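Shown next, in C-alpha cells, is the structure this report addresses.
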There are 2 protein chains.
Amino acid sequence: MSDLAAALEVLGARWALLIVEQLLDEPQRYSDLQRTLGVPTNMLATRLRELEAAGVLSRLPLKHNTRAYALTDRGLALRDAIVALSSWGAQEARP
Amino acid sequence: MSDLAAALEVLGARWALLIVEQLLDEPQRYSDLQRTLGVPTNMLATRLRELEAAGVLSRLPLKHNTRAYALTDRGLALRDAIVALSSWGAQEARP
DNA sequence: ACGGGGCACTTGTTTTTTACAAGCATCGGT
DNA sequence: ACCGATGCTTGTAAAAAACAAGTGCCCCGT
C-alpha cells in the first residue's frame, strides 16, 4: 500500500480532514465542531473516535461533562497537507 | 464553504486522489490504473468522468478504442498536496 | 473472412457508509 | 426539584461503494 493510501485510510473518511482543519488553530468542543461544520452528530462522534484511535487528536477533560478536542503532534503535522489542499481548492477551475 | 471543503468536493470521493497520484508521473490507460490500484471498474469509470469534468484530467485518444488519461495543469497542481499527505502517511503513528 | 482476445467500459445486485431524526445521561445553576 | 446545555447513542432511510457479470469495438493471426 502506498503512503498516500495509508494516509487516506485515516483521513479519507468524510469529514475527517475538515474536523482536523477546525482544530488546527485551537482545541474545540463537540458542539462547536458540530455547529461550524454542520456534520451529523453520529458521524462526528464516530470520526472523533477514529481520529483519536489513530493518534491524530486527543480529548482534554474540561469540567463535568464538557471536554475539548485537541490535535496531537501527529495531527498538527497535517498542517502542510491541509494548507496545500486548501490553496488548490481556492483556485478557480478553468471553465 | 471553506477552500478545503471545495477541494474535497472534487477529491474527497474514494479513489480520487489515488488516481491522481498514479497519473503524476505519466499518463496511463484505464486498464493500467485498474491493475495498479485494484479499484472496482465501475468506480474507476465514474471517478475518471468526475475528474475530467472537474478539469483535473483529460483523455488523450491513442489508437482505435484505447486512450490515456493525463493530468491537466490543474491536476498537476495537486502534486504538493499529494506529497504532503504521502509523507504524513509514511510516518509511523505512535503506538 | 472469421474467430479470439484485449480494451474500455455498462448494467444489475449486494454491502457498506452516510444522513436524518429522535432520545438519553450527566451536571450546574436557579 | 426542575430546566437547559452538553455530549453523546440508537434507530432507520438514503446514498455511495463493492462485487459480479456482460457488452461493443477494433485489431491481429490464421
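Each chain gets a letter, A, B and so on, in the order the sequences are listed, and its residues count up from 1. Everything quoted here is computed from the prediction, not taken from an experiment.
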**Report entry** Separation of atom CZ in A/Arg59 from atom P in D/dT6, rounded to whole Å
**Finding:** 17 Å
Query raised in the report: Distance-only, no hydrogens or angles: does the A/Thr66 side chain make a donor-acceptor pair with backbone N or O of A/Leu62 under 3.5 Å?
Result: no
Report summary line: Regarding the side chain of A/Ala45, the nearest nucleotide among D/dT9, D/dG7, C/dC9 is D/dT9
Query raised in the report: What integer distance in Å separates A/Ile19:CD1 from D/dC8:P?
Result: 12 Å
Requested in this report: List the protein contact pattern of nucleotides 25-30 of chain D with one symbol per nucleotide (5' to 3'): B for base contact, S for sugar-phosphate-only contact, - for none; contact means a heavy-atom distance under 4.0 Å.
Outcome: BSS---
Query raised in the report: How long is the line joining CZ of B/Arg67 and P of C/dA8, in whole Å?
Result: 7 Å
Query - Donor-acceptor contact below 3.5 Å, side chain A/Tyr30 vs main chain A/Leu44 - result: no
Query raised in the report: How long is the line joining CG of A/Asp32 and P of D/dT6, in whole Å?
Result: 8 Å
**Report entry** Close side-chain approach of B/Arg29 and B/Asp32, heavy atoms under 4.5 Å
**Finding:** yes
Query raised in the report: Roughly, in whole Å, what's the span from CG in A/Leu37 to P in C/dA19?
Result: 12 Å
Requested in this report: In sequence, state the C-alpha distance, the side-chain angles, and the governing distance for A/Leu33 and A/Leu48, and then conclude on side chain to side chain contact (heavy atoms under 4.5 Å, CB included).
Outcome: CA-CA 10 Å; A/Leu33 290 168; A/Leu48 289 172; 4.2 Å; yes
Query raised in the report: Between B/Thr72 (side chain) and B/Val56 (backbone), is there a donor-acceptor pair under 3.5 Å?
Result: yes
Requested in this report: Nearest 0.5 Å please: distance from the CG atom of B/Leu71 over to the CD atom of B/Gln22.
Outcome: 10.5 Å
**Report entry** Base-contact (B) and sugar-phosphate-only (S) positions in nucleotides 15-22 of chain D, heavy-atom cut-off under 4.0 Å, - elsewhere
**Finding:** --SBB-B-
Report summary line: Separation of C/dC9 atom C1' from B/Gln34 atom CD, nearest Å, is 9 Å
**Report entry** Lys NZ or Arg CZ of A/Arg74 over B/Trp88 ring: under 6.0 Å, within 45°
**Finding:** yes
**Report entry** side chain to side chain donor-acceptor pair (under 3.5 Å) contacts touching residues 50-63 of chain B (sequence neighbours left out)
**Finding:** B/Arg47-B/Glu50, B/Glu52-B/Arg59, B/Arg59-B/Tyr69
**Report entry** Length of the CG-P vector between B/Leu44 and C/dA8, whole Å
**Finding:** 10 Å
Report task. Nearest whole angstrom, please: distance from the P of D/dG7 to the CZ of A/Arg49. Result -> 15 Å
Query raised in the report: Can you tell if the side chain of B/Val20 reaches within under 4.5 Å of the side chain of B/Leu57, non-hydrogen atoms only?
Result: no
